[in-house]
Amino acid sequence: MEPWDVIVIGAGVVGSAVARELTRYRLRVAVLEKELDVACGNSSRNTGMLHAGFTYKPGSLKAECAVEGNKEFDRVAAELGVPFKRTGKLVVGFDEHDRQNILKYKGIGEQNGVEGMRMIDKAEIDRIEPHAGGEFAMFVPSSGILDPMAYTIALAENAAQNGARFFFDHKVDGIERSVEDDCYLISTTQGTFRTTWVINCAGAYASQVSEWLGYPNYPVRGFKGEYFVLDKKAGAYLKIPVYPAPNDRGGFSTHATPTVDGNVLVGPDSYVTEEWEDYKVTKEHLDGLVRDGSKMFKQMRPDYYIRNFAGIRWKRIDEEGNVLDFKLESDPERNPNTVNLVGIESPGVTCALPLARRAVAKLVEVAQPDVNDQFDPVRPTPKRFYDMTLEEQKAAIEADPAYGEIVCRCETVTRAEIRRAINNPLGVHTVTGIKNRTRATMGRCQGGYCETRITDMIEEELGLRPEDVRFSKPGSYMFCGRVREAHPAAERSVTA
Amino acid sequence: MKHVDAVIVGGGPAGLAAAIELHNNGIDDILILEREKKLGGILRQCIHDGFGLTRFGVTLSGPEYAARFVREVERLGIPCLTDTTVLEITPDRMVTASSAEHGIIELQAGAIVLAMGCRERTRGAISIPGTRPAGVYTAGVAQAYINLKNKMVGRRVVILGSGDIGMIMARRMTLEGATVLGVFEVQPYASGLPRNVEQCLNDYHIPLSLSHTVTDIRGTERLESVVISEVDEHLQPIPGTEQEYECDTLILSVGLIPENELTWMAGAAEDRGTRGPAVDENYQTTVPGIFAAGNVLHVHDLVDFVSLEAEALADSAARFIREGALPACPLTVRGNELVGGLTPSRISGTGDVTVSFRVRRPLRNSTVELRQGDTLVARRRMPKALPAEMVQITIKAEKLSATDDLEVTVSC
């Protein structure tokens with residue numbers, strides 16, 4: 001088979017952004033992903049914050065890309081049809097130590113080019129958000145909130161729309177360079193792929209891929225954090241993210257953040273984990289979130305709990321354990337036709353497109369591909385039924401009666417929207433994938449009403465048997481078969 | 001905009017009973033709106049028996065119980081729209097609904113009957129730690145898959161919570177060949193009815209472990225095991241008591257919550273005790289002309305009482321439709337610390353009242369007293385009272401005064 005021009009390893013937010021930026025050129029692009037959907041790792045397991053860039057070391061790639069990514073995001077969100085709100089952010093303090101740290105990072109932010117940060121008193125906090133904690137705060141106007149899952153899906157779908165191919169359930173387990181063919185052979189759980197270029201966007205596993213490509217196996221450390229998702233009823237009390245003062249190393253502990261959809265996230269805390277995919281939540285840490293989260297958000301009530309999740313930021317560290325900057329490199333002499341991205345963690349969502357541009361620039365410099373004049377940066381996104389006016393809803397049902405059938409009651413998602421999600425351009429068929437594309441099952445009943453309908457629809461649309469339906473991962477079967485098989489004799493007697 | 005005398009939101013047991021009784025009261029301009037394809041509500045998936053003993057004096061399955069009402073609705077020719085979801089109710093009783101067949105439906109209702117029932121409490125609501133594999137189902141969802149969709153959810157099952165549906169599913173899954181390892185209940189008593197402990201667990205040798213809960217869920221793809229711990233008197237897990245159970249399915253029966261999204265949209269006030277709407281003796285919410293009965297108001301133990309409550313509601317709603325208003329209910333109903341889920345929250349003191357509540361913990365030889373000021377209005381001895389069972393006391397108007405609040409006191 002003809003080799004691919006570029007293979008991107010990993011369909012997280014960075015891999016999807018890289019794929020999308022690559023399709024600006026006339027290149028055959030494939031993305032290999034071990035999971036059944038994009039953004040199954042830390043790309044979706046975070047706060048969904050569009051960071052301003054005031055905690056990162058001046059001159060670092062983190063600082064540069066965060067500020068750049070922040071400034072362009074209104075345009076990016078509009079192009080890709082991604083819900084986004086530039087809410088601003090409150091960084092709140094309680095004592096003099098907090099004030100000193102806030103002022104320190106305000107200075108760093110100004111050096112990084114973050115605009116409009118100002119200190120405010122309690123009276124102004126109360127004016128901006130009466131349910132926020134804190135005695136004083138720094139108001140950061142440029143921070144915003146987005147759904148990182150929706151953003152990654154949008155990047156990947158736009159890449160696919162412009163010609164990139166996504167291969168899910170393809171775990172990379174080795175890479176070899178064929179010098180005579182001037183290409184790489186990437187072996188996966190579903191066969192070997194030949195490619196001229198390789199771009200490493202493997203997230204948690206980036207150090208392993210880095211080593212396969214001939215770069216160092218960079219030491220990383222996993223900082224895990226757990227979250228509460230609160231009901232939209234709590235969302236009515238929080239319009240702006242509320243963060244505590246940064247600690248001495250510029251890290252934030254538990255914060256409270258509204259989501260673009262109107263829920264509230266409380267978390268993450270931060271502790272070291274050894275396991276690559278240690279996404280379990282623990283009683284100890286959830287209890288901690290309740291304690292610390294209540295300081296940020298006065299409405300942290302058990303009635304509002306609807307879900308928990310965890311994420312892990314794999315940070316690159318030096319020998320002393322100090323956290324290092326993102327690594328983005330190429331080495332045309334020793335590891336030709338490769339771009340290596342390692343240690344991409346927070347603020348990776350904000351930085352995804354700036355990083356992608358820099359990665360693609362390294363390829364363009366060497367390969368000098370033709371520009372794809374068919375590239376369309378705009379992803380067509382139909383308006384959600386929930387967001388439509390009554391007149392628009394009437395017209396939508398007129399055009400397609402499936403818009404009239406509400407499948408998910410909590411989030412008002414229609415049959416037409418579920419059907420469209422099941423037939424998504426990336427070919428993702430999991431129940432979780434449908435959830436992430438529509439919000440069905442994300443509400444306060446957590447699928448109690450709609451999940452039985454969605455699994456029916458997946459089977460009907462795709463011609464699957466119940467035992468073939470997957471919840472999230474390849475082995476995550478939901479049913480072990482029929483309760484009763486129709487007995488041929490019984491069928492005959494019914495017909496008779 | 002089309003006017004309808006009575007719009008009924010929900011075609012389950014409460015909605016159907018209210019519709020029939022409204023019709024019996026001479027109101028025939030009625031419309032039932034039901035989001036499912038068929039009438040009957042949750043009863044459609046409750047294929048076990050035990051329904052109807054109080055109401056009909058016979059034991060019926062859920063579908064049979066529902067069918068009695070559905071047939072009556074059909075016989076009376078009461079209009080209903082199935083596959084129709086109500087999107088919005090306004091305080092001035094405008095109803096917006098959506099359906100594939102009819103598009104957006106806008107109605108002005110003379111009165112609205114809220115009969116949306118309840119939903120299940122989920123894993124997230126009680127923050128069970130662990131991973132997030134497939135194979136964790138609420139009992140009602142598992143029941144829907146097995147009884148309505150012919151899909152088997154698993155083979156080796158642990159059940160958390162001794163709610164009635166959890167125990168019924170323990171039996172149901174056993175009958176379908178699954179192995180149910182046990183039912184674990186965080187409280188020191190079963191939260192469902194004693195008859196279900198007997199008929200669903202004891203008869204099938206399924207162990208019930210009180211004061212135990214799930215403290216870890218393991219497995220990344222499909223559920224592999226759960227860890228069960230004993231809890232102390234504050235319901236906190238006791239370290240060192242962990243036991244791992246290999247299983248592919250965890251079924252949660254950890255409580256029901258009245259489904260009141262539309263109620264709050266209509267501007268009705270919440271009763272913090274029941275978490276349903278605050279209603280008066282006429283089942284009228286704080287918004288005039290909007291009524292609520294059945295599980296949307298407070299979670300019932302038996303469907304028979306849902307039907308009876310909805311019929312009582314219908315008598316008041318019919319009067320509202322005819323007269324345009326109901327007597328004011330300025331008197332508050334309050335319970336002491338042993339009284340939970342008390343309804344109604346307001347009365348007039350001039351009409352008959354049915355007070356419903358549950359005791360907060362199992363009690364032996366307790367007494368309930370209803371007082372207005374110094375006057376004892378009613379008194380009942382309860383040899384054995386369980387949180388699983390609803391207590392209902394009906395008081396005739398002549399026993400009540402129109403001046404004092406009503407105090408419900410359970411003492412032991």
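Just so we're on the same page: letters track the sequence lines, and every chain starts at 1.
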J.: In terms of heavy-atom proximity below 4.5 Å to chain B, should A:Tyr304 be classed as side chain, backbone, both, or neither?
T.: neither
J.: Exactly one of A:Lys34, A:Lys224, A:Arg45 should register a salt bridge (Lys or Arg N to Asp or Glu O under 4.0 Å) with A:Glu277. Which one does?
T.: A:Lys34
J.: Hey, can you tell me if A:Tyr305 and A:Phe228 have their rings parallel, tilted or perpendicular (30° and 60° cut-offs)?
T.: tilted
J.: Checking side-chain hydrogen bond (donor to acceptor under 3.5 Å, both in side chains) between A:Asp287 and each of A:His285, A:Lys283, A:Arg291, which is the one that passes?
T.: A:Lys283
J.: Quick check on A:Thr432 against chain B: is it the side chain, the backbone, both or neither that has a heavy atom closer than 4.5 Å?
T.: neither
J.: Picking from B:Glu106, B:Lys151, B:Arg119, which has the most non-hydrogen pairs under 4.5 angstrom with chain A?
T.: B:Lys151
J.: What part of A:Thr282 gets closer than 4.5 Å to chain B, counting heavy atoms only: side chain, backbone, both or neither?
T.: backbone
J.: Based on non-hydrogen pairs under 4.5 Å, which of B:Arg218, B:Lys149, B:Glu120 is most in contact with chain A?
T.: B:Lys149
J.: Side-chain contact test, heavy atoms from C-beta onward, threshold under 4.5 Å: evaluate it for A:Cys450 versus A:Thr441 and give yes or no.
T.: yes
J.: Could you grab the distance from atom NZ of A:Lys383 to atom CE of A:Met388, nearest 0.5 Å is fine?
T.: 7.5 Å
J.: Contact part of A:Glu391 toward chain B, heavy-atom cut-off under 4.5 Å: side chain, backbone, both or neither?
T.: neither
J.: Going by the angle between their ring planes, with limits at 30° and 60°, are B:Tyr137 and B:Tyr145 parallel, tilted or perpendicular?
T.: perpendicular
J.: Who wins among B:Gly177, B:Ala100, B:Ala97 for the most heavy-atom pairs under 4.5 Å with chain A?
T.: B:Ala100
J.: Return the option, out of A:Glu451, A:Glu226, A:Gln393, A:Glu405, with the maximum number of heavy-atom pairs under 4.5 Å with chain B.
T.: A:Glu451
J.: Using a cut-off of under 4.5 Å for heavy-atom pairs, which of B:Leu87, B:Leu148, B:Asp83 has the most such pairs with chain A?
T.: B:Leu87
J.: Side chain, backbone, both or neither: which part of A:Tyr449 has a non-hydrogen atom closer than 4.5 Å to chain B?
T.: side chain
J.: A:Glu467, A:Arg444, A:Lys233: which one forms the most heavy-atom pairs within less than 4.5 Å of chain B?
T.: A:Arg444
J.: Non-hydrogen atoms of chain B under 4.5 Å away: do they reach the side chain of A:Tyr403, the backbone, both or neither?
T.: backbone
J.: Let me know if A:Leu286 has heavy atoms under 4.5 Å from chain B in its side chain, its backbone, both or neither.
T.: side chain
J.: Which residue out of B:Asp248, B:Ile104, B:Val153 racks up the most heavy-atom pairs below 4.5 Å with chain A?
T.: B:Ile104
J.: Below 4.5 Å from any heavy atom of chain B, which atoms of A:Arg415 appear? Answer side chain, backbone, both or neither.
T.: neither
J.: For B:Leu223, is it the side chain, the backbone, both, or neither that has a heavy atom closer than 4.5 Å to a heavy atom of chain A?
T.: neither
J.: Is B:Asn147 close to chain A through its backbone or its side chain, or both, or neither, when contacts mean heavy atoms under 4.5 Å?
T.: neither
J.: Between B:Thr249, B:Thr220, B:Asn150, B:Val141, which shows the greatest number of heavy-atom pairs under 4.5 Å with chain A?
T.: B:Asn150
J.: Of the backbone (N, CA, C, O) and the side chain (C-beta and beyond), which part of A:Asp400 lies under 4.5 Å from a heavy atom of chain B, both, or neither?
T.: neither
J.: Under a 4.5 Å heavy-atom cut-off, does chain A meet the side chain of B:Arg275, its backbone, both or neither?
T.: side chain
